[in-house]
Structure formats: structure tokens, C-alpha cells
Amino acid sequence: AGGKDDTFNVLDLAEYTKNRPWWRKIFAPNSGSSAEKYNVATQLVIGGVTGWCTGFVFQKVGKLAATAVGGGFFLLQIANHTGYIKVDWNLVQRDMNKAKQQLKFHSSGNQMAPEVKSRVDEVIIFLKKNVILTGGFAGGFLLGMAS
């Protein structure tokens with residue numbers, strides 16, 4: 001214990017939250033429901049804008065993915081027809097039968113894995129707490145997919 005004076009820094013939480021980025025306020029862990037923080041119009045705008053952006057990106061990426069898959073399939077068919085590729089159809093049939101058996105085995109239980117069930121429960125709770133935000137997102141997503 002020397003003769004030094006102990007100094008303390010004071011943290012003003014009001015100033016701290018004003019300086020935080022807006023996305024941390026919205027998407028922070030344990031942030032609670034948006035209904036507690038924002039009015040209906042703000043929730044609809046936030047949900048609608050993010051939904052539209054997501055839908056627009058999904059539409060563009062979906063078209064690109066469909067083109068890539070279709071083009072790849074087309075090129076594989078041409079390569080097979082010209083003799084560059086030989087397909088062992090017996091092996092394909094055997095693997096398909098094995099996959100069908102595994103699918104029947106997994107679907108006969110009708111039981112979800114516990115980790116999947118807990119995630120589904122979390123999503124349902126979030127959707128119930130943020131109905132307006134979710135509705136705005138869904139509407140915006142559909143508009144984004146249509147544009």
C-alpha cells in the first residue's frame with residue numbers, strides 16, 4: 001500500500017449506448033423482442049427492407065445456381081453422349097437403393113433429434129415475440145423475390 005491515490009473511471013451507460021452501432025442494438029444477443037424496443041411502423045420498415053434485400057439476393061443467386069446446375073447437367077450429358085464419360089448404371093442403381101433404405105429407416109421413427117428440436121423451439125419463440133417484424137420480413141421477402 002503506497003501513497004498513490006486510487007483513481008476510478010466512470011462509464012456512462014447512456015453515452016455508451018448512444019455510440020454503439022444500430023445493428024448491435026437490434027441484433028445483440030439477449031436483445032429481447034423488437035416489440036419492446038420499437039413501434040409498429042419501425043418494425044415493419046426494418047422487417048420489410050431486410051426481407052426485400054434478402055428476397056432480391058435469393059432471386060439473383062437462385063437464377064445463377066439454376067443456370068450453373070442446368071449448364072453442368074447439359075455438359076455432362078454431352079460428355080456422356082460423345083463418349084468422354086461412361087456411367088456405371090448398376091452402381092448408380094445400387095447406391096440409389098441404399099439411399100432409399102436409409103431414408104425409410106430415418107423417416108419411420110418420426111423423431112427429431114434433440115438439437116434440431118431445441119433450435120426449432122428457439123425459432124418459434126423468436127417468431128412469436130417478433131410477429132410484426134417477422135410479418136414485415138416475409139412481405140418484403142416476397143416482394144424482393146418478385147422484383
Side-chain angles (χ1 to χ4, degrees), residues 8-147:
F8 296 98
N9 292 332
V10 177
L11 177 63
D12 186 7
L13 291 179
E15 284 298 317
Y16 175 73
T17 56
K18 285 180 187 174
N19 295 332
R20 289 179 66 196
W22 63 270
W23 62 85
R24 292 209 188 254
K25 292 177 187 175
I26 296 172
F27 301 112
N30 304 325
S31 61
S33 72
S34 61
E36 298 169 356
K37 293 186 243 175
Y38 301 105
N39 62 18
V40 175
T42 305
Q43 291 179 56
L44 282 175
V45 168
I46 290 171
V49 169
T50 56
W52 183 86
C53 291
T54 305
F56 187 77
V57 168
F58 266 61
Q59 176 200 28
K60 296 300 180 188
V61 170
K63 284 181 182 179
L64 179 67
T67 302
V69 169
F73 182 71
F74 181 69
L75 289 175
L76 285 175
Q77 287 296 333
I78 289 175
N80 183 33
H81 183 69
T82 57
Y84 286 107
I85 298 174
K86 295 291 183 197
V87 178
D88 185 0
W89 290 108
N90 293 328
L91 181 63
V92 171
Q93 186 66 32
R94 189 180 71 211
D95 288 344
M96 289 298 291
N97 289 334
K98 190 187 303 183
K100 285 180 188 177
Q101 291 299 323
Q102 288 179 349
L103 245 156
K104 285 180 186 176
F105 175 72
H106 289 302
S107 65
S108 63
N110 286 334
Q111 294 283 335
M112 265 197 281
E115 59 272 1
V116 173
K117 185 167 176 40
S118 68
R119 289 291 179 189
V120 168
D121 290 341
E122 286 178 24
V123 168
I124 290 172
I125 289 169
F126 175 81
L127 293 177
K128 285 181 180 178
K129 284 185 177 180
N130 301 296
V131 173
I132 297 171
L133 184 72
T134 305
F137 181 86
F141 183 81
L142 293 175
L143 286 173
M145 289 290 286
S147 62

* Got a sec, which residues hit side chain to side chain donor-acceptor pair (under 3.5 Å) with T42, two or more places apart in sequence or on another chain? -> N39
Side chains of residues 78-95: which donor-acceptor partners sit under 3.5 Å, not counting sequence neighbours?
{"from": "T82", "atom 1": "OG1", "to": "I78", "atom 2": "O", "distance (Å)": "2.9"}
{"from": "T82", "atom 1": "OG1", "to": "A79", "atom 2": "O", "distance (Å)": "3.3"}
{"from": "D88", "atom 1": "OD1", "to": "N90", "atom 2": "N", "distance (Å)": "3.4"}

* Non-neighbouring partners of V40 that pass side chain to side chain contact (heavy atoms under 4.5 Å, CB included), sequence neighbours left out -> L44, I132
* Asked: Got a sec, which pairs hit side chain to side chain donor-acceptor pair (under 3.5 Å) with one end in residues 68-79, sequence neighbours left out?
  -> none
* Asked: What distance separates I46 CD1 from F137 CZ, expressed to the nearest 0.5 Å?
  -> 13.0 Å
* **Residue pairs fulfilling ring-ring contact (aromatic ring centres under 6.0 Å, His included) with at least one residue in residues 41-78, sequence neighbours excluded** => W52-F56, F58-F141
* Asked: Under 3.5 Å, side chain of Q59 to main-chain N/O of S147, donor-acceptor pair present?
  -> yes
* Is there any side chain to side chain donor-acceptor pair (under 3.5 Å) pair reaching into residues 132-143, and which pairs are they, with sequence neighbours excluded? -> none
